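Every value quoted in this text rests on a predicted model; they were computed, and no experiment measured them. So you know, we letter chains A, B, ... as the sequences are listed, proteins then strands, and number each from 1.
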Amino acid sequence: MELSKNFPHHEAEQKWYQRWVEKGYFRSRPDKNRDPFTIVIPPPNVTGVLHMGHCLNNTIQDILIRRARMQGKNACWVPGTDHASIATEAKVVQMLGERGIAKSSLSREEFLKYAWEWKDKYGGIILHQLKKLGCSADWDRTTFTMDPDYYRAVIKVFVDLYHKGYIYRGRRMIHWDVKAKTALSDEEVIRKPTQQKLYYLKYYVEGSEEFIPVATVRPETIMGDTAVCVHPDDERYKKFHGKRVLIPLIQRPVPVITDEYVTMDFGSGALKITPAHDMNDYLLGEKHGLEIIDIFNDDGTLNEKAVIFVGEERMQARKKIIKALEENNYIIKSEDYTSEVGYSERTHEVVEPRLSVQWWVRMKKLAEPALNAVMNDEIRFYPSRYKNLYRHWMENLRDWCISRQLWWGHRIPAWYDDAGNIIVAEDETKAAALYEKQHGKKATLRQDEDCLDTWFSSWLWPLEVFKGISRPGNDEFRYYYPTQTLVTAPEIIFFWVARMIMAGYEYAGNKPFGEVYFTGIVRDEQGRKMSKQLGNSPDLLALIDRYGADAVRFGIMIASPAGNDLLFDVKEESTLKQGSFFINKMWNALKLVKSWEQRLEEKDDASSFAVAWFHNRLHEAKAVQEQFFAEYKISEALKSLYSLIWDEFCSWYLEWVKPAANETISGSCYRSTIYFFEELMALLHPFMPFVTEEIYHKLKSREDDLIGKQMSAHEPADAAVLRQGELLKELITSIRDARNKAKIKPGEYIKLYLPEADQPVFVSFEKILKRQVNAEVIQYVSHPVPNTLTVIVQKHKCYIEAQHTGAGEEQRKKLEKDLEYLRGFLASVEKKLSNERFLQNARPEIIETEKKKKADAEAKIKAIEESLQNLK
RNA sequence: GGGAGCUUAGCUCAGCUGGUUCAGAGCAUCUGCCUUACAAGCAGAGGGUCGACGGUUCGACUCCGUCAGCUCCCA
């Protein structure tokens, strides 16, 4: 079989993915004879296109799923997308805009028609991109959060929570996006330090020439003031307690109140209270029973309650009011001031705190079991430090605002009559019936216009992908739930992870997943988070096209320390190159091994030591893999495989067994080599599925596929053989180094003398050693050989004889350097051993190892001293 | 303002319950090789007083404290 020069990734990716799908490897059905291993994908936005974050996240999931599949588990990876109400609605509005249609000109039904049109056309592109990455999800299970069943499930949960008393309607202070005209959850608000001006305004005391200076960054809201607050102990203002002051320009009197909340040395120490337009003011207002005056319309313009500048947009109003205040001599001074200002994640407008009637979920009770589950490790977090963060959040939970002023999403199942009575039911018919029952009459009911927060549907994800809400207790649900592992970004621990846990306990009485692995955040080479806004995420499909999916997977995983952020060098693409070099290396190893097919001979295996050594090395590596996976150190696992394949297998093992130019290779050695190669491909397959599958098939013609291969369990490795292998490597390296330093040409043969006393140690790998250091002959001697280079490996003294051992100087320098180090080392060990307090306090085994260190160092020093003698 | 995390070779990171034959890996760098799988390679090498200062200890990269710098989450 002729092998191409390089691994043909385009062809292989297409070929194998198609075959995997056709043979149904990704498909999972309940099977009582096997344990399920289930992962639900964090559903990407239906508007999403593959970016680095997805790539990392889904590669990890695929690695876990493929590994589980090869370990005999019933691996089930459920894919899907999230309807992403705000993002999608924005896309649809944009599409309409391009067609010259204004959203306001459409009815809700018309708009939704366009929205579905958009979704059917562009939605789910990302799922195709995940296939390009090689993701082995069960595509038959693809779920969308607005699928009919899913939709009903969301509504059912809303109705249920409402009747249980968890959901209520309340006037609360919320973040308002004046551009999108919608409420935002706390999480959708981005806080950024912003340069502002702090104005000191005169609030004249009623009927007096005296005034209280009040500092504010939002002078346009003074018309909504309902008090001025000072610290009760503030001497400057004690005389004004109980008095009233006049709001500048409009002259409305408001009381002076006191509260310890005020910081005396910030600003003027006097705070204007505007309960309608500031979170803290609202709380203070509630505490002191203040009136609430809302001076804004929902688009951020001033309303008639503002009295002045009615109809002006808030930022314009600020400019105008400052001018008016200046003209009327109300401004004492202004100073620069930087503080955090909230911006809408979607529209980037400054968020307006606003009082609004919204739907809420009471969280406290739901949170209890969810907090306990994580704290007592029923659900494990990796890395575990997120437990602290989680606890802190769960213990300080606030109610969840779940209504959104959007059309794309799950419409709130609440109906109102003309008097404003509320009926919550799953559909209009049920609502009407319930209304009649409650009120004893029929009425025209009007459904709430708002939609539910997207997270109110995604918190049901692990439940409803198996129809756990719409068809509770069904077989699939009972088999797959709870799922095993959730892989997600730490930034959505509260939006999503915490709420799924709550929903899990509320609706299934059980956790939704056993383990949560938090990935790092992907950053660019400048350390900036990769984001759509910055446009610093590379085009993944282009990278996959250029380097291949395996190289991309490798590149992103190798750079991805567990739980830490990942710096991805987009410019150099260095880890991608490393990945494709690695593929090339394996491809060439394949070519080498295949070339032996024509040179087989059934004979004694001269390299049996190599086979025995690699056999043990492989089992040791398998155990290491298991350990790494158990701790979710996935990039460590990949690093160790990389080194196992490149260094141990290619650089050492293959070189040891490689037949010389005109020689044959023993059949048993060849078969072992093929077996090792297969095992290595199996270990690597979860990380790099395509190239490993290709090599697996090229190694031997076969019917089965690597993706479905069951991994054999590892056996305990023989430590003695492993030590022998390390000794051999060290001998080879040291002798080669000595050759280099003595300027012995690579092609030149040497004579190698080994210590007779150690012959039993060397004999098993003597032949390998001879070839690897290019020795013409190996002899065992009991005394130093004159006119040779000495190499000391561990405790063994070896002598090299060459035609011109010329530059003995290098050799001497090295030995002297080693000697110096060892003497220093010995001194420190001796010092320690002569320290009585050390002897008293240290554990016995520590003292033993120190004694051994001393003996070893002494032996080695002696050997070096002898060698130096020999050099003279 | 509250909370969390990070600071180890040029870069990205490992280093568990404290004990110098462990200060390590990969990439990058340097030297020598176009050796019949691979120059996308092979064989070697150099490079860090483990952010700063204190403390605990016989002994600290590893524990505690203070400080500095960076990042994230929340008010």
Residue A/L654, side-chain heavy atoms: nucleotide from B/A37, B/C73, B/A14 that is nearest | B/A37

C1' spacing across the pair B/U35 / B/C50, given as an integer number of angstrom | 41 Å

Partner of B/G46 by Watson-Crick or G-U wobble geometry, both contacts under 3.5 Å, or none?
-> none

P-based separation of B/C30 from B/U66 [nearest Å] | 45 Å

With both distances kept under 3.5 Å, what pairs with B/C13, Watson-Crick or G-U wobble?
-> B/G24

Nearest to the side chain of A/L592, which nucleotide is it out of B/G44, B/A14, B/A37?
-> B/A37

For B/G5, the Watson-Crick or wobble counterpart (both distances under 3.5 Å) | B/C70

Quick one: do A/D377 and A/K387 make a salt bridge, cutoff under 4.0 Å?
-> yes

If you check every side-chain atom of A/N588, which of B/C42, B/C38, B/C27 has the closest atom?
-> B/C38

Calculate the interatomic distance between A/R391 atom CZ and B/G2 atom P; express it in whole Å.
-> 19 Å

A/F614 and A/F649 aromatic ring geometry - parallel, tilted or perpendicular at 30°/60° bounds = tilted

Could you give the distance separating B/A52 and B/U12 at their C1' atoms, to the nearest angstrom?
-> 24 Å

Could you check which of B/A43, B/C74, B/G41 has an atom nearest any side-chain atom of A/R398?
-> B/C74

Across the strands shown, which category fits A/E655 at heavy-atom distances under 4.0 angstrom: base, sugar-phosphate, nothing?
-> base

Does A/W646 place a side-chain N or O at less than 4.0 Å from the phosphate oxygens OP1/OP2 of B/C42?
-> yes

Check against salt bridge (charged side-chain N to carboxylate O under 4.0 Å, His left out), A/E678 and A/K700 = CA-CA 9 Å; A/E678 284 173 7; A/K700 210 155 71 180; 3.6 Å; yes

Quantified in whole Å, what is the C1' atom distance between nucleotide B/G59 and nucleotide B/A40?
-> 48 Å

Provide, to the nearest angstrom, the distance between the CZ atom belonging to A/R736 and the P atom belonging to B/U35.
-> 15 Å

Among B/A14, B/A43, B/C27, the nucleotide that comes nearest once only the side chain of A/E636 is considered | B/A14

Partner nucleotide, any strand, of B/C53 [Watson-Crick/G-U, under 3.5 Å] = B/G65

Using a cut-off of 4.0 Å on non-hydrogen atoms, how would the nucleic acid contact of A/W596 be classed: base, sugar-phosphate, or nothing?
-> nothing

Using only heavy-atom distances, determine whether the side chains of A/D278 and A/T274 contain a donor-acceptor pair under 3.5 Å.
-> no

Between B/A37, B/A75, B/C38, which nucleotide gets closest to the side-chain atoms of A/A589?
-> B/A37

Among B/G26, B/A37, B/A40, the one nearest A/N6 by side-chain distance | B/A40

A/N662 CG to B/U36 C1': how many Å, rounded?
-> 10 Å

Going by atom types alone, do A/T488 and A/Y517 pair a side-chain donor with an acceptor below 3.5 Å?
-> no

With C1' as the reference atom in both, quote the distance from B/C53 to B/U17 in angstrom, rounded to an integer.
-> 27 Å

